[in-house]
Structures are given as C-alpha cells and as structure tokens.
There are 2 protein chains.
Amino acid sequence: MRPSKIDDIELVNVLSRVIRTRGYDGASLAELSEASGLKKASLYHRFPNGKTEMTEAVLKHIDNFFDRNLREIAYDENRKVAERLLSVLDNIKEFYENGGLPCIIPALSVGEGYRLFAEQIAQSIDLWTSSFTKLGTDLGFDKAEAGLKARNTLIKIQGALIVANGLQDKEVFKQSIEEIKESYLS
Amino acid sequence: MRPSKIDDIELVNVLSRVIRTRGYDGASLAELSEASGLKKASLYHRFPNGKTEMTEAVLKHIDNFFDRNLREIAYDENRKVAERLLSVLDNIKEFYENGGLPCIIPALSVGEGYRLFAEQIAQSIDLWTSSFTKLGTDLGFDKAEAGLKARNTLIKIQGALIVANGLQDKEVFKQSIEEIKESYLS
DNA sequence: GTCTATAGCTAGATAGAC
DNA sequence: GTCTATCTAGCTATAGAC
C-alpha cells in the first residue's frame, strides 16, 4: 500500500470547504481535485461513486461533528445547562468560522444536491432542533416554548449565515449568536 | 416580426422559478428551455449573453417587484404604518409562495452565481434593510433599534425559507411571518 | 422570433501503467 | 495509492434555414 498523499480527515475537510462554498452543482471534480492535491482518478479511488460519495462523506463528517459538539453536550446533564449552551454556541461559531464559511444545507438545497440529499438535510435539522429543545427545557422553558425557541435558533443561524455572506460581514453572524445567548439566558 | 411564443414578463417569471429552485449552476439551458417552451437558440435570441443575461433579467424583475411592493409601500406616508407593514408582509408571502419557493439569494450565493452577482445580492439586502428600518422608525422605534430589527427581519425570512425548504413544511415560514408581525406591532 | 443542427468545451467517470 | 490518458455525456453557445 502506497502512502496516501492526504489522510481521510484532512481530505474530507478540504472537500467540505469546496462543496460548502461552491455548492454541490458548482463544485466540479476539477476544483475538488485542485483543492485536495489529488488527481481526479485518485479521488475516484478514494470515493468510487464519485461526487455523490464525496458529499456523503462530507455529510457524515459534519454529522459526527455536531453529534459530538452539539447533541452530546446539549444532553450532558453532568454539566450546568448555561455552560452547555455557551459551549455549543462556541462550537457552532468555530464550525462556521464566525460566519465566514457557509453551511452545507444551502449548498445542497438547490439543484441536483437537493434531489440527492433532501433526507439528510431534514435529519440534520432535526438533530439541531432536538438539541436546542433539550437546552431550552433544561433552562426552564416548557416543552412547547423550548421547541419554538429551538426552531427559531436554527432559523436565525441559517439566516445570519446567508446575510453575513451576502454582505461579506461576519459581524452579522457574531451578533446573531450573541442574541441567541441572550434569548436563552436573560 | 414573428409573434413571441411567450411574452417577456411570463418568460422571466419562468426563468426565475427555475433559477431559484435549481440554483445558478444547476439551472441548465436545457431545463430553462423546457420550462419556458423556447428552444435554446430562441433563448439566446432573447438573451444574447446567455444564462448570465437571463439571470440579470430575473434579478432586475425581482428588484422591480420589491421596489414597488416593499420599498414604495414602506415609505408611503399617506398610509398608516401598521397597514404598510401588513401589506409588505403579504407581498413577501406572495413572492415566496408561503415558503414553498426559495429566495434568489441562496441560489446565487454559491459557485459561479456568487462570482457574478455578489454585488446585486448586497444591494438587494440593503433595499430590504432600509425598507424595514423605515417601518420600524415610523412605528416609534429609535433609529438604531429599527436598524437591528430590520436586519433580524431579513435574517428570519432567509432562515425560515431555508428551514421550510429543508423540512418541506410551509408552516415554518408562515409562523415566522406572524412572529415578525408581532415583533413590530405588540 | 423560432427552429434544427452542430460546434467546442467541460463535466463526471474509467482503464490501465507505475 | 496516484498518476496520465481517454471516453462519453452534458454543457454553453452559435450558424443559418424558415
């Protein structure tokens, strides 16, 4: 076995960046190849089903990230709930690079990406919703209100990423994260 | 002059639907042709610069819509401000078909679309922001707060469209519009 | 103004050498 | 595991008849 030029985790991270910024349809194999340093045939060796499989790997990687850095923390009753909230919001800021890197959801919400990955998108939204609902109930909100707050949290994050990108202004995103904090803790 | 199979307005509306749902990169000329009933060569007769020019026409058409149905109403001091707010929110619901039709912004926020239309996206956001800021100040909020509320209104609409699409649930969008109403009028 | 036909290119994908 | 070379299909775009 000849050694890999780039390990699996780093490779998926590179593919993730390209797909999130260029969109599924816009992320060509040529660009994925250039960004990763692997020729197209090498990408096919790693992902025999091509771009679809690369995107599945990216989705799985992101899903793992949020399972560890959002869901697990939100449900960790050994930690104070306010501390859990601040921790997950920090992890979210990290994932989106303070608003400079788009979410995968809009990148897969149009065109061919949506046809292929609609189910995974819905599942991802559900994971976020249940995690923030858990934080809300632990903070004392009743179940219904916690559910509404959770949904509005997702909406705010998704909307802030779109607007921050449109204005090329990360402050829009950072400000929204602060407002989310206040909406739970004040 | 042989008569057009489809008039300019209807044609732009059809192109708009395809670009908004498929994204700029995902909207192929084949699909634009099929949706409009015009062969590719006929589309080029109408838009000599191809897909770029079609998208420019769509953006201009949408810009006109919101100039008439958002900005003009927001600034129309002959009407009661609460009535203006309800009117613009109704027009927004219409434009997005109650959350069933995506915004053009995410469709142009990735890939080649972003490279070509970043400036128009930023301008569009500014028109929305100033319009809702005007409504906010006329409702008695001070300038700074009205500006923040306006930005959060855009964020909520954009985020709600993403989440509504991801869950295939228009209620998410309709609920968000109601919450926007309450945030201004209660 | 619309059409058929096609050019020219780039996309995703594969074969086979090293 | 990576590479060069190549295939085929789809893409944007154009030429020219009606």
Side-chain angles (χ1 to χ4, degrees), chain A residues 1-59 104 107-108 110-117, chain B residues 1-59 61 107-108 110-117:
Chain A
M1 293 236 290
R2 180 173 168 181
S4 298
K5 281 182 71 176
I6 178 173
D7 68 64
D8 284 355
I9 291 175
E10 178 60 14
L11 176 54
V12 170
N13 274 326
V14 168
L15 300 178
S16 177
R17 292 189 78 88
V18 176
I19 293 169
R20 286 165 69 183
T21 53
R22 305 284 302 176
Y24 182 81
D25 290 318
S28 68
L29 288 185
E31 190 167 355
L32 294 163
S33 166
E34 189 178 358
S36 63
L38 291 177
K39 297 296 179 187
K40 285 190 274 183
S42 304
L43 285 174
Y44 272 90
H45 177 77
R46 304 280 202 103
F47 306 97
N49 281 330
K51 199 161 79 167
T52 308
E53 190 173 349
M54 296 176 210
T55 306
E56 282 167 357
V58 167
L59 276 170
I104 187 84
L108 301 182
V110 291
E112 191 65 7
Y114 186 71
R115 206 181 59 73
L116 293 169
F117 301 108
Chain B
M1 293 237 289
R2 180 171 166 179
S4 299
K5 281 183 72 176
I6 178 172
D7 67 64
D8 284 357
I9 291 175
E10 178 60 14
L11 176 55
V12 171
N13 274 326
V14 168
L15 300 178
S16 177
R17 293 188 78 88
V18 176
I19 293 169
R20 285 164 70 182
T21 54
R22 306 284 301 175
Y24 182 81
D25 291 318
S28 68
L29 288 185
E31 190 166 359
L32 294 164
S33 165
E34 189 180 358
S36 63
L38 289 178
K39 297 297 178 184
K40 285 188 274 183
S42 303
L43 285 174
Y44 272 90
H45 176 76
R46 303 281 202 104
F47 305 97
N49 282 330
K51 198 160 80 167
T52 308
E53 190 174 350
M54 295 176 211
T55 306
E56 283 166 357
V58 167
L59 277 169
H61 185 248
L108 301 183
V110 292
E112 191 65 5
Y114 187 70
R115 205 181 60 72
L116 293 170
F117 301 108

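What you see below is based on every heavy atom in this structure, not just the backbone, and it leaves out hydrogens, waters and symmetry mates. So that the names make sense, note that chain A is the first sequence line, chain B the second, and so on, each numbered from 1. Worth saying up front: this structure is predicted, and the values here are computed from it rather than measured.
Taking 4.5 Å as the limit, some side-chain heavy atom of A:R46 sits within range of a side-chain heavy atom of A:S4.
Applying the salt bridge (charged side-chain N to carboxylate O under 4.0 Å, His left out) rule to pairs touching residues 10-21 of chain B yields B:R17-B:E97, sequence neighbours excluded.
Residues passing the side chain to side chain donor-acceptor pair (under 3.5 Å) test with A:E31 are A:R22, sequence neighbours excluded. In this structure B:N13 satisfies the side chain to side chain donor-acceptor pair (under 3.5 Å) test with no other residue, sequence neighbours excluded. Residues passing the side chain to side chain contact (heavy atoms under 4.5 Å, CB included) test with A:T21 are A:L101, A:P102, sequence neighbours excluded. Residues forming a side chain to side chain contact (heavy atoms under 4.5 Å, CB included) with A:A41 (at least two apart in sequence, or on another chain): none. B:A35 pairs by the side chain to side chain contact (heavy atoms under 4.5 Å, CB included) definition with B:V14, B:V18, not counting sequence neighbours. With sequence neighbours excluded, no residue satisfies salt bridge (Lys or Arg N to Asp or Glu O under 4.0 Å) with A:E56. Every residue two or more places apart in sequence or in another chain that forms a side chain to side chain contact (heavy atoms under 4.5 Å, CB included) with A:K40 is listed here: A:L29, A:S33.
Atom pair B:L43:CG and C:dT4:P shows a separation of 13 Å (rounding to whole Å applied). For the pair A:E112 CD and C:dG12 P, the computed distance is 11 Å after rounding to whole Å. Here C:dG12 presents its P atom at 10 Å from CD of A:E31, a figure rounded to the nearest Å.
Not one side-chain nitrogen or oxygen of A:Y44 sits closer than 4.0 Å to the OP1 or OP2 atom of C:dT14.
DNA chain C lies under 4.0 Å from at least one heavy atom of each of the following residues of residues 33-42 of chain A: A:K40, A:A41. Within residues 48-58 of chain A, the residues that have a heavy atom under 4.0 Å from DNA chain C are, in order of number, A:G50, A:K51. In the region residues 4-15 of chain A, proximity to DNA chain D at under 4.0 angstrom, judged on heavy atoms, holds for A:S4, A:K5.
Between B:A57 and B:F47, the closest heavy-atom pair is CB-CE2, 3.7 Å. Across A:L43 and A:L32, no two heavy atoms sit closer than the pair CD1-C, 4.0 Å.
A nucleotide of DNA chain D counts as in contact with chain A when one of its atoms lies under 4.0 Å from a heavy atom; the first and last such, 5' to 3', are D:dG1 to D:dT4.
Once rounded to the nearest 0.5 Å, the distance linking CD1 of A:I19 with CG of A:D25 reads 11.0 Å.
With DNA chain D read from its 5' end, the first of the two nearest nucleotides for A:P3 and B:Y24 is the one closest to A:P3.
Although no hydrogens or angles enter the test, the distance criterion places a donor-acceptor pair under 3.5 Å between the side chain of B:K51 and the main chain of B:Y24.
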